[in-house]
Amino acid sequence: MLAAERQARILQEVEHLGAVRVSQLARLLEVSEMTIRRDLDNLAAKGAVEKVHGGATVAGGTRPSTDEPGFEAKWAQETAEKEAIAAAAAAMVRPGSAVGLSAGTTTWTLAHHLRSIPGLTVVTNSMRVADVLHKAPGGAPNVVLTGGVRTPSDALVGPVAVSSLRLLHLDLVFLGVHGIHPRAGFTTPNLLEADTDQALVAAGQRLVVLADHTKWGMIGISTIAPLDRADVVVTDDGLHEDGRATIRELSVELVVAPVAGARAATARDAASVS
């Protein structure tokens, strides 16, 4: 592939995703990260992209910080990564625990893994998560669904949700996020969802953040918590070394889930449906 063709493909990815990582592009285009960095330098010099630490965003900044795709749009992205992260997170849950799950496609994936754990009580502000757990065969977890106003991603947010969460005490809280940034922390594009997630975080003894590698560098309009508020961050092996080092330097436990096995399982599931 010629440099001009490669750079055109890079620009296409940036415009489609809003932000891309050097490592992500290197795997996609099967070239070295050094080659990708040179391509990004050339594109940035032309004003086509804006370089950021470890990657690039659309020219003039990232996608709008209030941009909130619907559930289906987010569910179709990084499905193997989410499956790997969910499997690793489920291993942290003991029978009989009280756990909190925020709204999101990664926590929704985790909910499928929790259905077989006996004696769970799950508190969530996600209609989708609650639906998965209610349909569990046999001894389904006890599900507490907060009230609230529905968002585009099927979260229940607002004063009603916040009030109900303030009365609870949970062993573990699993938090899905829109973005992770060293300065902005864990963020969301929805102001009311930030308030609700903050109440959920405050209810837990331990906070486990679930985020695939594409969330690194993304910033939503509102911060849920700073990076060092998390006890554990569970991500996939696509997260670059700079991101891993930043998390570990904050004395936050980092769990990196391998994606290869999850990708194969996801492909088998898709084949069985088709």
Are any side-chain N or O atoms of [X] and backbone N or O atoms of [Y], one a donor and one an acceptor, separated by less than 3.5 Å?
X    : Y    : result
D195 : P159 : no
R244 : L239 : yes
T107 : G104 : yes
D154 : S126 : no
T246 : D242 : yes
S97  : D171 : no
E83  : A80  : no
D231 : L207 : yes
T223 : G185 : no
K51  : A44  : no

Single-linkage hydrophobic cluster, 4.5 Å side-chain cutoff, [X] and [Y] together:
X    : Y    : value
V233 : L250 : yes
I10  : V49  : yes
V201 : F186 : yes
L25  : V31  : yes
V160 : L200 : no

Spacing of [atom1] belonging to [X] relative to [atom2] belonging to [Y], to within rounding of 0.5 Å:
X    : Y    : atom1 : atom2 : value
S164 : L145 : OG    : CG    : 9.0 Å
Q24  : H213 : CD    : NE2   : 5.0 Å
L11  : R6   : CG    : CZ    : 14.0 Å
D236 : L210 : CG    : CG    : 11.5 Å
F174 : R206 : CZ    : CZ    : 9.5 Å
T188 : I224 : OG1   : CD1   : 5.0 Å

Applying salt bridge (Lys or Arg N to Asp or Glu O under 4.0 Å), run through R9 and E5 and close with a yes or a no. CA-CA 6 Å; R9 181 65 186 279; E5 295 175 313; over 6 Å; no
Closest non-hydrogen atom pair, [X] against [Y]:
X    : Y    : result
H113 : A86  : CD2-CB, 3.8 Å
G243 : W216 : CA-CZ2, 3.7 Å
V173 : G204 : CG2-CA, 3.6 Å
A161 : G147 : CB-O, 3.2 Å
K46  : Q7   : NZ-OE1, 3.9 Å
A130 : V143 : CB-CG1, 4.0 Å

Let's go through M218 and T187 carefully: what are the C-alpha distance in whole Å and the side-chain angles of both, what is the deciding distance for side-chain contact (heavy atoms from CB on, under 4.5 Å) to 0.1 Å, and is it a yes or a no? CA-CA 8 Å; M218 299 291 288; T187 63; 6.0 Å; no
Student check: side-chain heavy atoms of [X] and [Y] closer than 4.5 Å:
X    : Y    : answer
T235 : V209 : no
V177 : L175 : yes
L120 : V93  : yes
V99  : V123 : no
D212 : K82  : yes
L156 : M127 : yes
L114 : L101 : yes
T124 : T146 : no

Any side-chain donor near an acceptor of the partner, T106 and T109, under 3.5 Å: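 No - no donor-acceptor pair under 3.5 Å links their side chains.
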Quick one, V208 with M92, criterion side-chain contact (heavy atoms from CB on, under 4.5 Å). Give me CA distance, side-chain angles, the key distance, then yes/no. CA-CA 9 Å; V208 182; M92 303 178 187; 4.1 Å; yes
Would you check, one step at a time, whether the test salt bridge (Lys or Arg N to Asp or Glu O under 4.0 Å) holds for D131 with K135? CA-CA 6 Å; D131 188 52; K135 292 178 179 177; 3.2 Å; yes
Go through it in stages, so that I can follow the logic: the residues are V122 and V144, the test is side-chain contact (heavy atoms from CB on, under 4.5 Å), and I'd like the CA-CA distance, side-chain angles, deciding distance and then a yes or no. CA-CA 6 Å; V122 178; V144 179; over 6 Å; no
Decide side-chain contact (heavy atoms from CB on, under 4.5 Å) for T214 and E81; before the verdict, give the C-alpha distance in whole Å, the side-chain angles of both, and the deciding distance to 0.1 Å. CA-CA 10 Å; T214 65; E81 286 82 354; over 6 Å; no
How about R94: does its CZ atom have over 12 heavy atoms from other parts shown lying under 6.0 Å from it?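 Open.
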